[in-house]
Amino acid sequence: MLYVLAYLLFASGPLLALLPGRRIPLIFAWITMTAGCVLMIVQGALAVGGPVEQSLIRWALPIIGTFDFVQTPLGGLLILITAVVFATALPFVTRDATVFSTGRRTLFLAIVMLTLVSMIGFFSASTIVSFIFSWELAALAIWGLITFETRHSKPVAAGLLTMALSELGSLVGLASLLLLAGAAGTTQLNGIAAAIPHLSPMLLLITGLLAFFGFGMKAGIVPLNVWLPAAHGTAPRSISPILSGATLNLGLYAFLRIDAPIALHQPDLGLVILASGALTALIGILYALVERDMKRLLAQSSVENMGIATAGIGAGLTFAAYGHPLLGGISMVAGLYHMINHSTFKTLLFLGAGGIEVATGTHNLDQLGGLMRRLPVLGGFFLAGAFAIAALPPFNGFVSEWLLLESLLRVVEIPVVPVRIAFAISGAVLALTSGLALTCFIMLSGSALMGLPRTAQAAGARRAPHSVVIPMGILTLLSLLLGLAATVIIPVLGRLAAPLVGADPTATLVPAFFHNTSRIPRAVQQALDAIGAHVGAVFMPVRSLIVMHLDSTAPVVYAMSAALTGVVLALMLGGVWLVARGLRRRRSSRNILWDAGLARLRPEMTYTATTFVAPVRVIFAGFFHPHIEVEEERQGAFVLTRSYRGVIANISDRAVLSPIIGGAMAIATLLARMHKGRMNTYAGYILLAMVLLLVIVAAGRG
Amino acid sequence: MSFWPYFGLKRGIKTTSWPSAKEQSPGITPGRPRSASNASSNATTQLCPTGALHPVETGVSVDLTHCIHCQRCRQGPHALPWEDDVAWTVNAGTALSPLGYRFRRSLHVRYIDAGACGACINEARLLDAPVYNLHRLGIFITASPRDADVLLVAGPITNAMCTAVRKAYSAMPHPKRVVGMGVCAINGGIFGENFACVGGLQKIVPVDLWIPGCPPPPLAILHGLLAVVGRTQCTTAEELP
Ligand code: SF4
Ligand code: SF4
């Protein structure tokens, strides 16, 4: 019922935009679409807490087969996230839609709504047909969004690249689904999952890998993620938050839906997912560090975050496959948690980037600077988002990344040495990624918000629109809540992870009495004290959470208490405040800024984003493989201008795409040799072919 | 494969033990003329290219803040006596006392080249060489005036460097001392005051100590830096016979 109402509201939004007028129709459209999103949020929340499966649509279409949609708790979570992202991004979308003419703005809003609807469909698909149908619909809608501003050639190229790679991914994924369906004899996803234990391991590995890398294309998993920064970086500024915050989750959901059941019976697949995730994270953050364009930087960082979430999922599945569903559940919770976190702070940051673009007209970091003073509110929220994504407590990024690293350490429970090595390397890579992410987001916020404005545009920044700032505030609050109330959210996610890995970590590991701490027996408390675990509720009001694994030497995997976090935070902030006050009281002298004795400190002399990350560039020079492009403008023998440009080509471009393109070109040149362009030759070919055919036919007869 | 540990151990410690003991290696200092009761003081004073020698009733006085130890007055029939001490530091006239006890073994120096000819910086650079090793005396060179206790300036203060010196001075935290090094910093030296330079550090920032010489040898600079914290004593600028 709610669905129907929500869909009607979604559809009426674009239609309302058809009304004549400039702002009023769009305001109406915004209201109805937001109302639809709110309904979807409610529906998603209900689904998260609802029963395991609830049928929505059951159609048996001719030829293509069953076309079913169901509502699951996991799908509900993704719908919830998606709807929140859309709801917070819609004000900016409708604001930017005012520049289009009436027809175009209707089309624009319709594509936005189509994206949302197809995503909801994808998250509730229950047969291969509905799955692929929604997936393709979403791909089409995303392509429409990226290329909507067709005035420039860049978005078109990016859109085509996205489309090509996305279709390649879909084909690979579809092949895997068809193989599975053929082997299982049903197109129902649940039926396939049920049949998986009886399929051959080889088939499972192949289909699992195909599905992972095929659907992983959408989440920016290596090797083919070049499209992501190009697409998200050139998409209309109001669309980027949706693309990064919401649509990337499509890929993750596909892993959870298709790969998770396979990986439970094929441990190698889980390892591949984990390793690819870790590698993706590292590659993403490395390229984020060398980006100068704020939007492209954020897109690269999305690659990183998708990698982290994927690694969590992979680790969870590996644990579960090796008979540790509880540990697997914790990793899976970390992965899911990171997915939620990424959606909040990436939407926040992309909205911030959009707001900065509205205020200054640019999103090039080298042209910004000093915005904190000019856009204090937006700057503050942006900074909060940067804190969250850099995994600094008390924001949410910290919770999931820490949980993931802690859970990876529990690999000591798996006796297989190669698995341990893979986990150790992945853990190290993820830790390195966190460090680099910190550098990256200090660089981003520092060079955009602090220092001197580097251009007149940045110096004359106008007020940021409310349609950006208010949603950013909501998302900041959400980030903070997700960081502080982790103990409330982890059990919910634990319940969602249960069907994927076979056990709910929080329900099983945390005995019920932790949820009602007044009834903890004294003996248990003492035992917990002895191992250093803290049962906060004895003196802390809000629920604490301890995730444990009892039969080993270091049993506590994860322990946290929202109230304690709050207390520590208050103490820390209070301490800093006291120290700062004490310092201010001390005799101090005020001096001019030390600028190395220049006559005047010019903005371009200050520390830029490039200088900040120069050490990273130097350390990873072998990886970045930078080269200098020389361009010459000549007139006869005279060189008029010669310009040099440092270029860093993406490794997947270098290592995967270029060889493929080169190979294809080589084959084409080889084939081109046949084409002499002379009629006689072609006639000769035809004769040859005919003779060959006749010989074959005659041989077949004989 | 590098063998520096082996060679280093084989060579032993070469660092000078100055100021606890006198350093007498050849060439450690160019030396300076001393005033003398000289009969033909006029003839001697005319030898000096920088006007550092003045005739007085009792003989010839040497204005050490002008002498570039060119050794002209060391030759000939009326040669002045020569000394090879390194205690060259001169009080520049501010009444500031030496930096206190806390700085005795932790003195941070910011060096500024304000148009020096290159010889002064060469000598200053040698402070960090193994032979002189300023760190053993608790003296350190810093990159930023924010961390510096002493501003060590060489050169005749070209117009272009005026702002830099002034800014560096004001960027230093209190207490701070300024040391001018080389006769250029004192009065322009061989460059004097001209269209391109101010000729004298005193004209821009208040100066506490001078280290005369052109250039002053490393030990003389060390002497000056130690004088900043009161570990050595200043001498007089003008030597009277
Ligand atoms: S050594 Fe000094 S005093 Fe003697 S002539 Fe040279 S500059 Fe003048
Ligand atoms: S004092 Fe002498 S050595 Fe030093 S900068 Fe001046 S001319 Fe050069």
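Just so it is clear: chains get the letters A, B, ... in the order the sequence lines come, proteins before strands, and each one is counted from 1.
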Hey, is NE2 on B:His135 packed in by over 12 heavy atoms from elsewhere, all under 6.0 Å? yes
Side chain from CB out, backbone as N, CA, C, O: work out which of these in B:Met172 comes under 4.5 Å of a heavy atom of chain A, or both, or neither. backbone
Please give me the minimum heavy-atom distance between A:Asp595 and B:Lys167, naming the atom from each residue. OD2-NZ, 2.7 Å
Using a 6.0 Å cut-off, check whether atom CD of B:Gln233 has over 12 heavy atoms from anything other than its own residue. no
Give the minimum heavy-atom separation between B:Ser144 and A:Trp594, together with the two atoms involved. OG-CD1, 3.8 Å
Please check if atom CZ in B:Arg102 has more than 12 non-hydrogen atoms from other residues, nucleotides or ligands closer than 6.0 Å. no
Minimum heavy-atom distance B:Thr163-A:Leu598, with the two atoms named: CG2-O, 4.4 Å
Check this for me: A:Arg373, atom CZ, are more than 12 non-hydrogen atoms of other residues, nucleotides or ligands nearer than 6.0 Å? no
